[in-house]
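First up is the structure itself, then whatever we jot down about it.
We name chains A, B, ... by the order of the sequence lines, and we start the count at 1 in each one.
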Amino acid sequence: MTPAPETSLQDIVSHAKEYGFVFPSSEIYDGLQAVYDYGQNGVELKNNLKNMWWKAMTQLNDNVVGIDAAIFMHPLTWKASGHVDGFNDPMIDNKDSKKRYRADQLLEGKAEQYANNGEAEKAQALLNEMGRLLGANDLEGVRSLIIAEDIKCPVSNTLNWTEVRQFNLMFSTQIGSVAEDSTTVYLRPETAQGIFVNFLNVQKSGRMKIPFGIAQIGKAFRNEIVAKQFIFRMREFEQMEMQFFVRPGTEMNWYEQWRDTRLKFHQAIGLPVSKLKFHIHEKLAHYANAAVDIEYQFPFGFREMEGIHSRTNFDLTQHQEFSKKKQQYFDNDLDENGKPFGNYIPYVVETSVGADRLFLAVFCNAFTKETSGEADGRPSETLKERTYLKLHPALAPYKAAILPITKKDGLPEKAREVEKLLKTEFRVFYEEKDAIGKRYTRQDLIGTPFCIAIDHQTLEDNTVTIRHRDTTEQERVHISELKAKIAYEVSEQRILELI
RNA sequence: GCAAAAGUAGCUCAGCUGGUAGAGCGCGACCUUGCCAAGGUCGAGGUCGCGGGUUCGAACCCCGUCUUUUGCUCCA
């Protein structure tokens, strides 16, 4: 067997759609850009991944608990986090140079020119007018002002401007049925804030002692300017985040520890070391004092899959300020002088992985095309291509397929007995139509690790064959051994033990 | 957002200088079939992305529009 040439993203997208993993959203209406739906097999794989992550966080760590916060949050949350002000700029494009500018910066630049020419009053008037227009959200007015002030693009030196557009990261909607009484709320752009605002609730109700973590899986929404690369960047996506609260000064140790633990997780679910790497952030966000990405080698290159950030006490401090509620923790542990560490706002180490990106990584890695027959020098007609998903058995949508070799002589009845035996423990697939080879192939394409064939010998001695997906090899086992054998192969335990 | 290319059956595609649509695979039924996409018979499935225009007549020519892909830009 020889490995096929590098698979393209196109192959992945096609396979995902053809075999019920990922569909474009609203496809019958021509689709909705950057939104995708998970199909019948995709949802199983994604659920399995989320479940593995959840267990790796909460079950393996007695000081990590989970929550499920609402998507809607009080609007002040996003003031405190910086998402409202920091991520809300009026942008304008010059049609000739194709350059994009911040409209407010263009006007401020002009005002500065006036000031430098000794026309301070004119400068102030311009800034006031800009402030008024932006405050009233009058974007057309801002554009008119730019043209009236004869502000040209420094590259093309023309006034050929597009309209001013507000590039807001967040989606907004209204709470309250009557328009006048309604309040603008946002669909959360990250799940982390739901954890921060519940920090004290969890700490107190769970009697949690620092260090401890809060984990959450949930949808988040971002109004991305362009969306590309399939489910890698979507407007609606799912995050798996854990915020770990630590004593100030210890954050770097925890940061390093979680960074290594998270890498082990990705390896444990089957992603090869060679396709994973750390990418350390040189330029840090305003809230972080250390940050590293775990990148996976997608068909379009190494890209961020998970971020591990040391977020300092930025978020809790912000929430304390905006909510006027103390976010302190009293640390009873004793320092080197024998005194309690006392009150402080904890530091936070965040691990944040995109469920959809993890799905894509696992799917890309599992997607395997092999050709056989070439190496043994036979004529090219004997060349066979085989495509299968080399998913970790614990992640596969179906754990086993039950296939009577023919659909007569009582074999289907016998096979149904085997199905009944297994279906309460594993998700199994029963099929009796078509040739056995075709049925094997169908299971390969969706990543089912085991095919159990029922033949005439089964009727005599209660043995079946198990055919392994990756090797296509078969072994004969007694029906009574089936459950234990499959249970071992598909067990989550074998993954968790590696982390 | 800009530029280029492409949209025909579930998938991959063919369809000549304009004359009202085809193949392979897949799908469904039946027959045959003892292990890696098996053979046979029958069958379902397309207002050719959408909207206009030219023409006696448009999948094909023209205009617009939507979607996708690739490259640039953006990713605050």
*Got a sec, which residues hit side-chain contact (heavy atoms from CB on, under 4.5 Å) with A:Gln113, two or more places apart in sequence or on another chain?*
A:Lys110
_So, using salt bridge (charged side-chain N to carboxylate O under 4.0 Å, His left out) as the criterion, who are the partners of A:Glu350 when residues are at least two apart?_
A:Arg311
Considering only nitrogen or oxygen atoms on both sides, find all protein atoms under 3.5 Å from nucleotides 28-30 of chain B and state each distance.
| from | atom 1 | to | atom 2 | distance (Å) |
| --- | --- | --- | --- | --- |
| B:rG28 | OP2 | A:Lys433 | NZ | 3.1 |

*Can you name the ring-ring contact (aromatic ring centres under 6.0 Å, His included) partners of A:His319, sequence neighbours left out?*
none
*Interatomic distance, A:Glu431 CD vs B:rA37 P [rounded to whole Å]*: 15 Å
*side-chain contact (heavy atoms from CB on, under 4.5 Å) partner of A:Tyr36, the single match among A:Asp356, A:Val22, A:Val13*: A:Val22
_Which residues pass the salt bridge (charged side-chain N to carboxylate O under 4.0 Å, His left out) test with A:Glu321, not counting sequence neighbours?_
none
*Contacts to RNA chain B from residues 443-457 of chain A, heavy-atom cutoff under 4.0 Å, which residues?*
A:Leu445, A:Ala453, A:Asp455, A:His456
Please list, one pair per line, the donor and acceptor atoms closer than 3.5 Å that link side chains of residues 70-79 of chain A to other protein atoms, with sequence neighbours excluded.
| from | atom 1 | to | atom 2 | distance (Å) |
| --- | --- | --- | --- | --- |
| A:His74 | ND1 | A:Leu76 | N | 3.0 |
| A:Thr77 | OG1 | A:His74 | O | 2.7 |

*Nucleic acid contacts of residues 460-468 of chain A, taken as heavy-atom distances under 4.0 Å to RNA chain B*: A:Thr465, A:Arg467
*List in chain and number order the residues that pass side-chain contact (heavy atoms from CB on, under 4.5 Å) with A:Glu236, two or more places apart in sequence or in another chain; answer none if no residue qualifies.*
A:Lys219, A:Phe221
*Sequence neighbours left out, what passes side-chain contact (heavy atoms from CB on, under 4.5 Å) with A:Gln10? Give chain and number order.*
A:Ser8, A:Ser14
*When you get a sec, tell me which of B:rC11, B:rC35, B:rA38 is the closest nucleotide to the side chain of A:Lys17?*
B:rC11
_Among B:rU33, B:rC35, B:rA37, the one nearest A:Gln474 by side-chain distance_ = B:rC35
*Taking only residues two or more places apart in sequence, or in another chain, which ones meet A:Glu419 in a salt bridge (charged side-chain N to carboxylate O under 4.0 Å, His left out)?*
A:Arg416
*Qualifying ring-ring contact (aromatic ring centres under 6.0 Å, His included) pairs with a residue from residues 451-472 of chain A, counting only residues at least two apart or across chains*: A:Phe450-A:His468
